Amino acid sequence: MRDMKYKFNYQTTAFDIWQLSMYGVYGSMVGVSNIIFTVAMLLLTARFWGDVNSFMKILLIIGICIFTVIQPALVYMRGKRQVATLPHEMEIGFDDNGIHINTEEQSSYLKWDAVEGVLKKPTMIVILSRDKHGFILTNRALGKQKEAFYNYVFSKIQR
């Protein structure tokens, strides 16, 4: 992989998938609904805590925990299952022809016209391909090149 404009060694973690999922949820109307529900549960709990029996207190606590603890934990467990199916170490390179992916077992290549989009999030850049796969490049992999890399990928997928 020589003459690459950008080259990174990286490994996707369950936490990376979890973060991406949380960005997706809380950047949508679903996330707004989750927040409204959680605030409503907090207000109900504060208002009725002294007036309800133990069973209702448990239900109120569960209601608060649905979107603050339970959902994020389930998303993280799903991320762990996903990561188990991915290659451990990957080298990904970007040049004017496309994206080059190397693992211990195989190498593959993706032309720029097969890339559907690029998302810039506070802690990562996600490159989406037309076949519904993607590459998560975290800030720890990108380092100080994040902005320049994003601009480069964005320029390559503009049609």
Side-chain angles (χ1 to χ4, degrees), residues 1-43 63-159:
M1 280 223 272
R2 58 181 161 229
D3 299 330
M4 290 291 134
K5 199 108 168 139
Y6 293 94
K7 186 165 85 171
F8 306 101
N9 291 316
Y10 80 104
Q11 179 178 0
T12 301
T13 66
F15 182 72
D16 299 335
I17 293 173
W18 177 82
Q19 269 191 318
L20 180 59
S21 296
M22 290 294 105
Y23 285 136
V25 168
Y26 287 97
S28 69
M29 284 306 295
V30 172
V32 172
S33 300
N34 292 358
I35 292 168
I36 291 169
F37 177 85
T38 302
V39 169
M41 288 304 301
L42 285 166
L43 293 173
I64 292 169
C65 290
I66 287 174
F67 297 118
T68 58
V69 176
I70 297 168
Q71 180 193 33
L74 291 173
V75 170
Y76 183 79
M77 287 187 284
R78 186 185 72 209
K80 282 185 77 158
R81 285 193 305 272
Q82 277 183 276
V83 165
T85 66
L86 297 175
H88 290 296
E89 282 291 322
M90 291 178 52
E91 182 180 74
I92 187 166
F94 300 83
D95 65 17
D96 292 338
N97 298 314
I99 304 171
H100 306 266
I101 305 101
N102 289 318
T103 66
E104 287 181 5
E105 294 85 35
Q106 67 183 49
S107 295
S108 58
Y109 170 72
L110 190 65
K111 291 184 179 182
W112 285 116
D113 62 4
V115 176
E116 180 130 319
V118 58
L119 306 172
K120 182 169 60 167
K121 302 295 182 184
T123 60
M124 64 183 60
I125 290 179
V126 182
I127 300 168
L128 305 167
S129 70
R130 294 201 189 283
D131 64 359
K132 304 299 180 209
H133 291 90
F135 304 97
I136 299 172
L137 294 162
T138 62
N139 288 357
R140 70 181 175 274
L142 295 167
K144 294 179 181 179
Q145 302 178 79
K146 182 178 181 180
E147 274 310 307
F149 173 73
Y150 173 79
N151 292 333
Y152 175 75
V153 172
F154 190 77
S155 74
K156 290 298 176 186
I157 62 173
Q158 291 302 302
R159 294 173 184 88

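As the structure is a prediction and not an experimental result, all values here were calculated from the model.
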Engineer: Taking atom types as modelled and ignoring hydrogens, do the side chains of Asn102 and Ser107 form a donor-acceptor contact shorter than 3.5 angstrom?
Structural biologist: yes
Engineer: What residue pairs, at least two apart or across chains, pass salt bridge (Lys or Arg N to Asp or Glu O under 4.0 Å) with a residue in residues 67-77?
Structural biologist: none
Engineer: Report the distance from atom NZ of Lys80 to atom OG1 of Thr85, rounding to the nearest 0.5 Å.
Structural biologist: 14.0 Å
Engineer: I would like to know whether Thr138 and Thr13 meet side chain to side chain contact (heavy atoms under 4.5 Å, CB included); could you show each step before the answer?
Structural biologist: CA-CA 10 Å; Thr138 62; Thr13 66; over 6 Å; no
Engineer: Scan for salt bridge (Lys or Arg N to Asp or Glu O under 4.0 Å) pairs involving residues 25-38, sequence neighbours excluded, and state none if there are none.
Structural biologist: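 Output for this query is empty, none listed.
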Engineer: In chain order, what residues pass the side chain to side chain contact (heavy atoms under 4.5 Å, CB included) check against Val75, with sequence neighbours excluded?
Structural biologist: Trp18, Ser21, Met22, Gln71, Arg78
Engineer: Can you check whether Lys120 reaches Glu147 side chain to side chain, under 4.5 Å on heavy atoms?
Structural biologist: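 Heavy-atom side-chain distance check passes, below 4.5 Å.
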Engineer: Would you call Asp96 and Lys156 a side-chain contact if the rule is heavy atoms closer than 4.5 Å?
Structural biologist: yes
Engineer: On a heavy-atom basis, which atom in Ile17 and which in Gln82 lie closest, and how many Å separate them?
Structural biologist: CG2-OE1, 3.4 Å
Engineer: Give, for atom CZ of Phe135 and atom CD1 of Ile99, the distance between the pair rounded to the nearest 0.5 Å.
Structural biologist: 5.5 Å
Engineer: Scan residues 21-30 for pairs that pass salt bridge (Lys or Arg N to Asp or Glu O under 4.0 Å), counting only residues two or more places apart or in two chains.
Structural biologist: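 The answer is none; no pair qualifies.
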Engineer: Quick one: side chain to side chain contact (heavy atoms under 4.5 Å, CB included) partners of Tyr6, sequence neighbours excluded?
Structural biologist: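 With sequence neighbours excluded, Tyr6 shows a side chain to side chain contact (heavy atoms under 4.5 Å, CB included) to Phe8, Phe94, Gln145, Ala148, Phe149, Tyr152, given in chain and number order.
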Engineer: Restricting to pairs with a member in residues 14-39, which pass salt bridge (Lys or Arg N to Asp or Glu O under 4.0 Å), not counting sequence neighbours?
Structural biologist: Asp16-Arg140
Engineer: Please enumerate all residues that pass side-chain hydrogen bond (donor to acceptor under 3.5 Å, both in side chains) together with Tyr150, with sequence neighbours excluded.
Structural biologist: none
Engineer: Can you check whether Leu119 reaches Tyr23 side chain to side chain, under 4.5 Å on heavy atoms?
Structural biologist: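 Result no, sub-4.5 Å side-chain heavy-atom pair not found.
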Engineer: Tell me, which pairs form a side-chain hydrogen bond (donor to acceptor under 3.5 Å, both in side chains) where one or both residues lie in residues 24-33, sequence neighbours left out?
Structural biologist: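 Passing the test, one end in residues 24-33: no pairs.
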Engineer: To the nearest 0.5 Å, tell me how far Met124 CE sits from Asn139 CG.
Structural biologist: 8.0 Å
Engineer: Please name all residues satisfying side-chain hydrogen bond (donor to acceptor under 3.5 Å, both in side chains) with Asn97, sequence neighbours left out, ordered by chain then number.
Structural biologist: none
Engineer: Can a donor-acceptor pair be found, under 3.5 Å and without considering hydrogens, that links the side chain of Asn9 to the backbone of Glu89?
Structural biologist: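 No; judged by distance alone, with no hydrogens or angles, the pair does not exist.
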Engineer: State the CG-OG1 distance between Leu43 and Thr38, to the nearest 0.5 angstrom.
Structural biologist: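 Taking CG in Leu43 and OG1 in Thr38, the distance rounds to 11.0 Å.
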Engineer: Quick one: does any side-chain atom of Trp112 pair with a main-chain N or O of Val153 as donor and acceptor, under 3.5 Å?
Structural biologist: no
Engineer: Only counting residues at least two apart or in another chain, list the ones meeting side-chain hydrogen bond (donor to acceptor under 3.5 Å, both in side chains) with Ser155.
Structural biologist: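 None.
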Engineer: Under 6.0 Å from the CZ atom of Phe154, do we count more than 12 heavy atoms belonging to anything else shown?
Structural biologist: no
Engineer: With rounding to the nearest 0.5 angstrom, report the CD1 to CE distance, Ile66 to Met41.
Structural biologist: 7.0 Å
Engineer: OH of Tyr109 to CG of Asp95: how many Å apart, nearest 0.5 Å?
Structural biologist: 6.5 Å
Engineer: Looking at Ala14 and Gly79, what are the two nearest heavy atoms and their distance?
Structural biologist: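 Looking at all heavy atoms of both residues, the closest pair is CB-C, 3.8 Å.
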Engineer: What is the minimum heavy-atom distance between Arg130 and Val115, and which atoms define it?
Structural biologist: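 Taking Arg130 first and Val115 second, the nearest heavy atoms are NH2-O, 4.3 Å.
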Engineer: Going by the rule ring-ring contact (aromatic ring centres under 6.0 Å, His included), which residues pair with Tyr10 if we only count those two or more places apart in sequence or in a different chain?
Structural biologist: none
Engineer: Can you give me the closest heavy-atom contact between Lys146 and Leu142, atom names plus distance?
Structural biologist: CG-CD1, 3.9 Å
Engineer: Applying side-chain hydrogen bond (donor to acceptor under 3.5 Å, both in side chains), can you list everything that pairs with Lys121, at least two apart in sequence or on another chain?
Structural biologist: none
